[in-house]
There are 2 protein chains.
Amino acid sequence: MKPTRKQEIIQVAASLFKEKGYSAVSMRDIAQAMDIKAASLYNHISGKQEILSTLILEVAKAFTNKMSAITLETLTPLQKIEKVIEIHIDITVNYSENIATLNNDWMHLEGDDLERVVKMREDYEENFRSIIKQGVAQGDIKPQHPEVILFSILSTLRTLYLWNEKRGKMDVNVLKKDMVSVLIKGIA
Amino acid sequence: MKPTRKQEIIQVAASLFKEKGYSAVSMRDIAQAMDIKAASLYNHISGKQEILSTLILEVAKAFTNKMSAITLETLTPLQKIEKVIEIHIDITVNYSENIATLNNDWMHLEGDDLERVVKMREDYEENFRSIIKQGVAQGDIKPQHPEVILFSILSTLRTLYLWNEKRGKMDVNVLKKDMVSVLIKGIA
DNA sequence: TTACAAAACTAACGATTGTTAGTTGAAATT
DNA sequence: AATTTCAACTAACAATCGTTAGTTTTGTAA
């Protein structure tokens with residue numbers, strides 16, 4: 001599908017946001033990257049804030065939906081974690097700029113959008129925490145503090161976007177296998 | 001030791017930078033947080049950029065020094081990784097604002113400072129990579145791609161600052177033990 | 001060819017940015 | 001008591017910010 005002009009603007013902005021952060025990118029920067037004047041952007045979008053919230057909500061919804069789907073499946077906790085790792089890799093490959101902005105610039109959202117995204121992240125983490133706790137309860141996962149496990153895995157997954165370029169020729173499925181192995185079975 | 005006025009400014013700025021990012025914090029914001037006017041800041045510092053570079057170089061040096069010290073010790077690769085995890089936790093506990101700024105705003109450094117910090121990070125990563133490769137070579141570490149291992153561990157350690165507040169009453173030494181266990185031996 | 005809509009333009013606005021200059025009062029030193 | 005240093009102040013600067021209004025160009029359909 002050919003992207004609309006609005007989608008083009010958002011994509012170009014995403015790339016700049018990833019590079020320098022939302023606050024350091026001006027509307028004139030975005031316009032220049034598209035070879036038009038800043039005022040022309042307003043024929044397609046309502047303002048800078050709309051770019052930010054569109055960008056973030058798109059990927060935040062993707063994570064939330066996939067995660068709650070996994071929660072409902074009938075799998076062992078370890079299988080669910082495996083799936084969480086895989087969907088993170090899938091989404092990162094397709095939305096790496098959006099993830100950068102979600103991670104680094106969510107606090108610049110305003111009004112309801114801010115509340116909504118914070119809520120989605122909390123729900124996401126709570127779902128993940130439940131899976132881990134269940135795994136510990138039934139002995140599949142070592143009796144470490146669930147918070148340490150949650151944080152260790154989630155940190156790696158959330159910052160995968162930083163590493164996505166260097167990934168280079170590495171196949172996505174190989175990456176999935178390796179990350180599942182490292183994160184679940186360790187390195188020793 | 002009582003901090004100098006300059007150190008106070010840098011600390012207050014660090015806290016604001018952690019919260020909203022370097023570009024979203026104005027000199028007037030910093031001044032207001034100190035109950036003085038923006039122009040008064042210039043009696044103590046040369047500009048906003050000096051705050052940033054002081055903040056970042058301080059913690060970047062700490063990491064670089066500790067890492068190269070570990071490289072020289074006579075330990076097994078796994079023992080060295082254990083030490084790397086521990087020094088990350090130690091530095092994070094003491095410099096959590098600096099780490100936030102290093103992670104998120106290093107690209108706003110200018111001139112030599114930028115080059116220097118990028119170089120330090122590359123050296124750091126290269127040292128870490130060497131330890132991992134040696135561990136794989138002598139069979140202590142599973143034959144995964146070293147890059148995946150490096151990235152997984154480093155992502156967790158680098159974003160530990162985000163989680164430091166929630167850590168709450170958890171003892172630092174317990175945290176060290178747990179993280180070493182999770183990162184090296186896995187969770188299953 | 002004309003009519004219309006889409007998407008660009010110029011020009012400007014009020015606000016905010018980092019920073020400088022010059023001044024003032026208080027504290028420390030001579 | 002006189003002097004110097006420190007650290008705050010007011011006022012202002014040029015530049016840049018997001019955004020608006022009004023106009024012109026471009027492409028498409030009748």
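Computed from a prediction, not measured in an experiment: that's the story for all the values here.
- Looking at residues two or more places apart in sequence or on another chain, you find a side-chain hydrogen bond (donor to acceptor under 3.5 Å, both in side chains) between A:S181 and B:Q144.
- Every residue meeting the side-chain hydrogen bond (donor to acceptor under 3.5 Å, both in side chains) condition with B:R5, not counting sequence neighbours, appears here in chain and number order: B:E8.
- In the region residues 35-45 of chain B, proximity to DNA chain D at under 4.0 angstrom, judged on heavy atoms, holds for B:I36, B:K37, B:A39, B:S40, B:N43, B:H44.
- Nucleotides of DNA chain D lying under 4.0 Å from heavy atoms of chain A occupy a range whose first and last members, 5' to 3', are D:dC17 to D:dA21.
- Under the rule for a side chain to side chain contact (heavy atoms under 4.5 Å, CB included), the partners of A:A188 that lie at least two apart in sequence or sit in another chain are B:L78, B:I184.
- Pairs of residues two or more places apart, or lying in two chains, that qualify as side chain to side chain donor-acceptor pair (under 3.5 Å) and include a residue from residues 30-46 of chain B are B:S46-B:E50.
- The interatomic distance linking A:Q32 (CD) with C:dC9 (C1') rounds to 16 Å, in whole Å.
- In this structure, B:D29 atom CG and C:dT19 atom C1' are separated by 16 Å, rounded to whole Å.
- In this view, B:K18 and B:E165 satisfy the salt bridge (charged side-chain N to carboxylate O under 4.0 Å, His left out) rule, not counting sequence neighbours.
- If you take NZ of A:K6 and P of C:dA6, they are 14 Å apart, rounded to a whole angstrom.
- Within the structure, a side-chain polar atom (N or O) of A:R5 is placed less than 4.0 Å from OP1 or OP2 of C:dA8.
- Screening residues 97-106 of chain A for side chain to side chain donor-acceptor pair (under 3.5 Å), with sequence neighbours left out, gives A:E58-A:N98, A:N104-A:Y161, A:D105-A:H108.
- Within residues 14-27 of chain A, no residue has any heavy atom closer than 4.0 Å to DNA chain C.
- Between B:E126 and B:R129, at least one side-chain nitrogen of the basic residue sits less than 4.0 Å from a carboxylate oxygen of the acidic one, meeting the salt-bridge criterion.
- Residue pairs meeting the ring-ring contact (aromatic ring centres under 6.0 Å, His included) criterion with at least one member in residues 127-159 of chain B, sequence neighbours excluded: A:W163-B:F151.
- By the side chain to side chain contact (heavy atoms under 4.5 Å, CB included) test, A:A60 is found to be paired with A:M120, residues two or more places apart in sequence or in another chain being considered.
- By the side chain to side chain contact (heavy atoms under 4.5 Å, CB included) test, A:A62 pairs with A:I91, sequence neighbours left out.
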